Amino acid sequence: MTTFDDRERAFETKYARDEEMQFRIIARRNRLVGAWAANLMGLTEVEAEAYAKDVVRADFEEAGDDDVVRKLLGDLTSAGVDVDEARIREALEHKQVEARRQMIEAQD
């Protein structure tokens with residue numbers, strides 16, 4: 001049974017590591033999309049940094065991306081930026097790829 005137990009522990013460890021990595025990628029993605037939105041709104045560098053952090057925090061409201069999309073759509077629309085939900089979701093997808101790449105490069 002030792003081999004089975006070792007194998008089970010290895011799977012559990014890998015699962016925990018993968019979940020942590022996914023969490024970090026999503027947080028980085030949200031920060032990147034927050035910076036993207038801040039740029040569209042013409043925020044200063046300090047304001048953009050604070051806004052990106054706000055976008056990361058917004059993701060903790062509910063599961064999935066709807067909370068982030070809602071925040072971005074509301075803020076961008078209020079700032080007079082011509083944007084729709086599809087464009088925001090496309091930006092999320094692009095920033096997800098970029099965030100994953102950054103995390104992989106950071107591990108090397």
Side-chain angles (χ1 to χ4, degrees):
M1 286 301 251
T2 317
T3 304
F4 180 76
D5 292 338
D6 290 345
R7 203 168 167 195
E8 183 178 17
R9 261 187 252 112
F11 280 124
E12 289 171 357
T13 302
K14 182 184 181 323
Y15 178 79
R17 192 174 332 115
D18 290 348
E19 287 296 306
E20 179 184 351
M21 179 61 86
Q22 186 62 24
F23 174 82
R24 296 174 84 202
I25 288 169
I26 295 296
R28 179 154 313 187
R29 177 208 64 184
N30 291 340
R31 188 178 197 96
L32 291 169
V33 81
W36 167 80
N39 183 49
L40 291 176
M41 291 186 283
L43 300 180
T44 67
E45 189 174 326
V46 172
E47 292 170 329
E49 183 65 28
Y51 184 75
K53 289 178 183 176
D54 285 344
V55 173
V56 171
R57 280 191 289 274
D59 194 29
F60 296 115
E61 292 176 13
E62 61 186 53
D65 295 334
D66 289 342
D67 45 1
V68 174
V69 171
R70 226 180 359 263
K71 174 171 183 44
L72 292 168
L73 186 59
D75 293 345
L76 288 166
T77 302
S78 294
V81 178
D82 184 27
V83 67
D84 61 6
E85 185 176 332
R87 184 171 174 204
I88 291 171
R89 290 194 183 276
E90 182 179 328
L92 282 170
E93 289 176 26
H94 289 284
K95 297 304 180 186
Q96 175 102 9
V97 171
E98 185 177 341
R100 185 177 304 281
R101 183 183 45 77
Q102 287 178 6
M103 294 300 290
I104 290 169
E105 288 174 359
Q107 289 181 340
D108 293 338

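Note that the numbering runs from 1 along the sequence shown for the chain. Keep in mind the model is a prediction, meaning the values are calculated, not measured. Both backbone and side-chain heavy atoms feed into the values below; hydrogens, waters and symmetry mates do not.
Rounded to the nearest 0.5 angstrom, K95 NZ and E90 CD are separated by 11.0 Å. To the nearest 0.5 Å, atom CD of residue Q22 and atom CD1 of residue I25 are 5.0 Å apart. For the atom pair M21 CE and K14 NZ, the distance stands at 10.5 Å (nearest 0.5 Å). With values rounded to the nearest 0.5 angstrom, E62 atom CD is found 4.5 Å from R70 atom CZ. For the atom pair R28 CZ and R100 CZ, the distance stands at 12.5 Å (nearest 0.5 Å).
Two residues are said to be in side-chain contact when any heavy atoms from C-beta on lie closer than 4.5 Å; D75 and D54 fail this criterion. With contacts defined as side-chain heavy-atom distances shorter than 4.5 Å, the pair Y51/L72 qualifies. Counting heavy atoms from C-beta outward, I26 and Q96 have side chains that approach closer than 4.5 Å.
Atom CD of E12 has more than 12 neighbouring heavy atoms from other residues, nucleotides or ligands inside a 6.0 Å radius. Counting heavy-atom neighbours within 6.0 Å of D18 CG, excluding the residue itself, gives a total above 12. Heavy-atom neighbours of R89 CZ from other residues, nucleotides or ligands within 6.0 Å: above the threshold of 12.
Considering only residues two or more places apart in sequence or on other chains, E93 meets the side-chain contact (heavy atoms from CB on, under 4.5 Å) condition with none of them. Applying the side-chain contact (heavy atoms from CB on, under 4.5 Å) criterion to R87, with sequence neighbours excluded, gives W36, L40, V83, D84.
Of all heavy-atom pairs between V55 and K71, the closest is N-CE, 4.1 Å. The heavy-atom pair separating A27 from V56 by the smallest distance is O-CG2, 3.6 Å. When all heavy atoms are compared, the tightest approach of D59 to G64 is OD1-O, 3.2 Å.
Note on L73 and L43: same hydrophobic cluster, where clusters join Ile, Leu, Val, Met, Phe, Trp and Tyr whose side-chain heavy atoms are under 4.5 Å apart, directly or indirectly. Both M41 and V69 belong to a single network of hydrophobic side chains, linked directly or stepwise wherever heavy atoms of I, L, V, M, F, W or Y lie under 4.5 Å apart.
Cluster partners of F11 are absent, since no Ile, Leu, Val, Met, Phe, Trp or Tyr has side-chain heavy atoms less than 4.5 Å from it.
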Could you go through the side-chain contact (heavy atoms from CB on, under 4.5 Å) check for R24 and E20 one step at a time? CA-CA 6 Å; R24 296 174 84 202; E20 179 184 351; 4.0 Å; yes
